[in-house]
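Here the structure is laid out as structure tokens; the discussion comes afterwards.
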Number of protein chains: 2
Amino acid sequence: MILDSETKAVELPEHHGDELRLWLRLLTCTTLIEGEVRSRLRERFDVTLPRFDLMAQLDKVPEGMTLSDVSKRMMVSNGNVTGLVERLVESGHLDRRTSEADRRVQVIRLTKAGRAEFRKMATEHELWIADIFGDLTPKDVRELMRLLAKTKASAQKSAKARTA
Amino acid sequence: MILDSETKAVELPEHHGDELRLWLRLLTCTTLIEGEVRSRLRERFDVTLPRFDLMAQLDKVPEGMTLSDVSKRMMVSNGNVTGLVERLVESGHLDRRTSEADRRVQVIRLTKAGRAEFRKMATEHELWIADIFGDLTPKDVRELMRLLAKTKASAQKSAKARTA
DNA sequence: CCAGATTTCTTTAAGTTTCAAGCAATTGGC
DNA sequence: GCCAATTGCTTGAAACTTAAAGAAATCTGG
């Protein structure tokens, strides 16, 4: 706080460059890794990253999920999921059926073939990630987890405040 | 290291779940913040995030950059930049001219109007970012910067090793 | 029961993105 | 000087993505 010549409170223009630089670095890291994973998925399995991500969501829930669930978990729009699922059903990776209880709802699951293919990819994917983060110590990993959790909470709070 | 019943070396399957969880959290954070910034840019200035990012690159270099430079800095494909620039020239934000020295090269710059509009957006954008990261202490910010720098280096090393 | 609100999903238009192929200009060896 | 390789950009096809609008089913408060 600073007082000017007439002794009124004056706010200095606040310094926010550090946060901006942090955001750019976070974005760079993610883009870099995402690009690397995308390349390897294409090269090794000829699959796109969005398809892999969708299958990863479904692998965690054998009984299946609704399109809305997928949309929320992947943080993408509903229409996006519709198209993605469309293509994965077409290629035989996914099974899609209308819910008995609520006929608006579509429940999707991995097919047997889809699950088998995903598991194969997931095994290698995990090794790639381990390699990409290979120079971080276990302590670095823990510390990053903690700070990113804090960041996520802060961002969610900010988003919520805006929407409210 | 473990020895099996016939005294041969056996590798335990290594534990890589922590790195995977870290990657997912990193991705979640970035997606969350990116979505928030995208919403605000559209709501407040009716501009898309890729356009803002491209203008941000150009604002740093008044004398202009080549399309390749932009492509590298933004970490997107050449073809992507071509289309993006096309639309921004169309809307009067960018000026594009063929280099005298090398007629393959296109040099793009912000127009006066483009720069004015970007500066207006950038001022608010910086406040949004500060708000989004608002719950982090200065120490958190420093620590994240450090760990993300290490992460970036590690990822680049891994990518380089694969390509080599 | 029923009208309005809500939820779930699809559709549409516009834009973004990648990859691969291709063209034009330049550079480097010989 | 000339030819091959490289570089810079564009194009085309397919996929991804969002926002917004719409259709269908369900829910809710009279």
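Keep in mind that what you see is a predicted model, and the values were worked out from it rather than measured. Per chain, numbering begins at 1; letters A, B, ... match sequence-line order.
Between the CE atom of B:M75 and the C1' atom of C:dT18 there is a distance of 15 Å, rounded to whole Å. B:E34 has its CD atom 12 Å from the C1' atom of D:dT18, to the nearest Å. We find that CG of A:D46 is positioned 17 Å from P of C:dT18, with the value rounded to whole Å. Note: CD (B:E36) to P (D:dA19) measures 11 Å, nearest angstrom. To the nearest angstrom, P of C:dT8 lies 14 Å from CD1 of A:I108. Atom pair B:N80:CG and D:dT11:C1' shows a separation of 14 Å (rounding to whole Å applied). Rounding to whole angstrom units, CD of residue A:E43 and P of C:dT18 are separated by 16 Å. D:dT18 atom P lies 18 Å from atom CZ of B:R40, rounded to whole Å.
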Dump the intermediate steps for salt bridge (Lys or Arg N to Asp or Glu O under 4.0 Å) on B:R119 and B:D59, then the final yes or no.
CA-CA 8 Å; B:R119 290 287 170 81; B:D59 185 59; 3.0 Å; yes

Full working for side chain to side chain donor-acceptor pair (under 3.5 Å) between B:S99 and B:D102
CA-CA 5 Å; B:S99 163; B:D102 183 340; over 6 Å; no

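The stretch residues 82-105 of chain A touches DNA chain C through A:T82, A:R96, A:R104, A:V105, each having a heavy atom under 4.0 angstrom from the strand. Contact check of residues 48-71 of chain A against DNA chain C (heavy atom, cut-off under 4.0 Å) returns A:T66, A:L67, A:S68.
For the pair B:T30 and A:L27, the minimum side-chain heavy-atom distance is below 4.5 Å. Residues A:R96 and A:E86 have side chains in contact (heavy-atom distance under 4.5 Å, counting atoms from C-beta outward). No side-chain heavy atom of B:E143 sits under 4.5 Å from any side-chain heavy atom of A:R146.
The closest side-chain donor-acceptor pair between A:Q106 and A:T98 falls under 3.5 angstrom. A donor and an acceptor atom, one from each side chain of A:T111 and A:D95, are nowhere located under 3.5 Å apart. The closest side-chain donor-acceptor pair between B:N80 and B:S77, if any, does not fall under 3.5 angstrom.
Counting only heavy atoms from C-beta on, B:S77 has its side chain closest to C:dT18 among D:dA19, C:dT18, C:dT10.
Listed by chain and number, the residues in a salt bridge (charged side-chain N to carboxylate O under 4.0 Å, His left out) with B:R42 amount to none (sequence neighbours excluded).
OP1 or OP2 of D:dG8 has not a single side-chain nitrogen or oxygen of B:N78 nearer than 4.0 Å.
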